[in-house]
Amino acid sequence: MKYYNIDYKKYYIIKMKIALCFILNENNVLNKEKIWCEWIEPNNDIINVYIFYENITKIKSAWVYERTIPEKYLFPISKYHTVPAYNSLLCYAMTHDKNNIWFCMMSHSSCPLISPSKFRDLFYKNVNKSIFSWNIADWNPITNKRGNLSKISKDLWLKNDPYFVLTKRHAHQIVHFMNTETDMTNLICNGGIANETLFAVILKLYNELGGENIIDKTSCFADWNRKTSATNPHLFINANLDDVNFIKKVIDKNEYAMFLNNVDSTFPDDILEYFIYDYCINILL
């Protein structure tokens, strides 16, 4: 199906929608809430927002509060065990609005990188495809317990980006597996940091990896060359020259770049707004 510059509200009886799914940390804050509010507004006809939180009494933002998922979908999570949040967000988003067909998984520190119009265009052009980067695990499963990969078949020693975009088909497969194949799910989760391997394992078992409906590209970028710790990427705080150059490189070289991860609340909004609203336009002129 081709999409033209038309009024989609008028021509689509059943509107295809995007679920933006956020996992908040213990602070229960969306770091760049103002940026998100302004960015979502032009596409509010096709975007739903769903937020997983740890303690609703600590949420101070009315905007965040109004978009939290129901309490019955909450399960304990930790820094190294976030899979229940993915499961809950996908389960609720798929049932809350049947028109949700793209599911963007993100953290409290994620931030948009491209304009609302470019995001809309990427959605319509790739509506039937997940944007999901995966590869062979780059740690030694024999000596590193991460994901408990040594306890499963070697052809499943895989890794995936922690934040990605799923179609409804792939979201359903992941949820179905986690809710029915609980022994294997728990085994992988008990190894820690399972959100960076479990989803690739599941899609591999469904014979989806390498298929035409998965774009093996990153959609939500982090700077792993400047780690803050062994398991944490660089934290974007001051918008120094290295930060700016990294963002430029991501946008210039990655067709499916949509979001930046690990952005601190102190990172200057005007720098982000420049990249979102001005930079992409300028490089196309």
Side-chain angles (χ1 to χ4, degrees), residues 1 3 6-24 28 30 33 35-53 56 59 61-75 77 82-108 110-112 114 116-132 163-180 195 199 202-203 208 213-215 219-220 256 258-259:
M1 182 179 291
Y3 297 95
I6 59 176
D7 184 352
Y8 293 102
K9 291 182 180 180
K10 178 179 179 182
Y11 287 95
Y12 283 92
I13 298 174
I14 300 177
K15 181 173 293 295
M16 299 179 295
K17 292 187 179 181
I18 304 161
L20 297 184
C21 301
F22 295 94
I23 302 172
L24 300 188
N28 292 281
L30 188 60
E33 180 184 329
I35 295 284
W36 279 112
C37 291
E38 294 173 351
W39 185 84
I40 290 169
E41 181 59 29
N43 287 326
N44 64 8
D45 60 315
I46 60 167
I47 289 179
N48 287 315
V49 176
Y50 304 95
I51 299 176
F52 184 100
Y53 55 95
I56 201 164
I59 295 176
S61 163
W63 190 89
V64 169
Y65 184 90
E66 290 169 0
R67 290 158 178 81
T68 55
I69 63 177
E71 186 176 1
K72 70 177 183 178
Y73 286 89
L74 298 183
F75 297 92
I77 64 171
T82 58
V83 167
Y86 287 77
N87 192 14
S88 292
L89 284 164
L90 290 173
C91 283
Y92 182 67
M94 282 193 288
T95 56
H96 173 261
D97 191 334
K98 301 295 184 181
N99 294 331
N100 286 330
I101 60 172
W102 237 30
F103 301 82
C104 303
M105 309 305 298
M106 288 173 290
S107 78
H108 71 286
S110 300
C111 181
I114 60 175
S117 60
K118 183 176 180 181
F119 180 67
R120 191 180 188 106
D121 186 54
L122 277 173
F123 171 52
Y124 285 127
K125 287 180 177 177
N126 301 284
V127 70
N128 294 316
K129 297 181 180 180
S130 293
I131 304 173
F132 181 88
Y163 303 108
F164 42 76
V165 177
L166 296 175
T167 61
K168 194 169 189 175
R169 169 189 172 88
H170 293 140
H172 182 268
Q173 289 173 336
I174 286 172
V175 167
H176 181 264
F177 184 94
M178 288 193 288
N179 292 338
T180 57
N195 64 313
F199 308 117
I202 294 173
L203 293 175
E208 295 288 343
N213 291 322
I214 290 185
I215 299 171
S219 61
C220 187
Y256 299 98
M258 302 180 194
F259 311 109

Step-by-step salt bridge (charged side-chain N to carboxylate O under 4.0 Å, His left out) determination, K15 to D97: CA-CA 11 Å; K15 181 173 293 295; D97 191 334; over 6 Å; no

Centroid separation Y50 to H96 less than 6.0 Å: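 That pair passes the under 6.0 Å test.
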
Ring centres under 6.0 angstrom apart (F199, F164):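 Ring centres of F164 and F199 closer than 6.0 Å.
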
So which heavy atom on [X] is nearest to which on [Y], and how close?
X	Y	answer
I214	F132	CG2-O, 3.8 Å
K168	K98	NZ-O, 2.8 Å
P112	F259	CA-CD2, 3.9 Å
E38	P42	O-CD, 3.3 Å

With rounding to the nearest 0.5 angstrom, report the [atom1] to [atom2] distance, [X] to [Y].
X	Y	atom1	atom2	value
N126	I131	CG	CD1	5.5 Å
L203	N213	CG	CG	11.0 Å
T82	I77	OG1	CD1	6.5 Å
W39	I114	CH2	CD1	6.5 Å
H170	I174	NE2	CD1	8.0 Å
N44	K17	CG	NZ	9.5 Å

Of I51, L20, I23, which meets side chain to side chain contact (heavy atoms under 4.5 Å, CB included) against L89?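 Output: one option passes, namely I23.
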
Side chains of [X] and [Y]: closer than 4.5 Å at any heavy-atom pair?
X	Y	result
C37	E33	yes
N195	M105	no
L166	S130	yes
L74	I56	no
W36	M106	yes
R169	H172	no
M94	V175	yes
W63	L30	yes

Name the residue from Y53, F52, Y86, Y92 that meets the ring-ring contact (aromatic ring centres under 6.0 Å, His included) definition with Y73.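 Only one option passes, and that is Y92.
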
Between M16 and F123, is the side-chain contact (heavy atoms from CB on, under 4.5 Å) condition met? List the steps. CA-CA 9 Å; M16 299 179 295; F123 171 52; 3.8 Å; yes

Can you say whether the rings of F119 and W102 are parallel (under 30°), tilted (30 to 60°) or perpendicular (over 60°)?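 F119 vs W102 ring planes: tilted.
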
Whether the side chain of S88 engages the backbone of A85 through a donor-acceptor N/O pair (distance < 3.5 Å, no angle test) should be reported.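 Judged by distance alone, no pair lies under 3.5 Å.
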
Between the main-chain N or O of C91 and the side-chain N or O of T95, is there a donor-acceptor pair closer than 3.5 Å?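 Yes; judged by distance alone, with no hydrogens or angles, the pair exists.
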
Quick one, D45 with R120, criterion side-chain contact (heavy atoms from CB on, under 4.5 Å). Give me CA distance, side-chain angles, the key distance, then yes/no. CA-CA 11 Å; D45 60 315; R120 191 180 188 106; 3.0 Å; yes

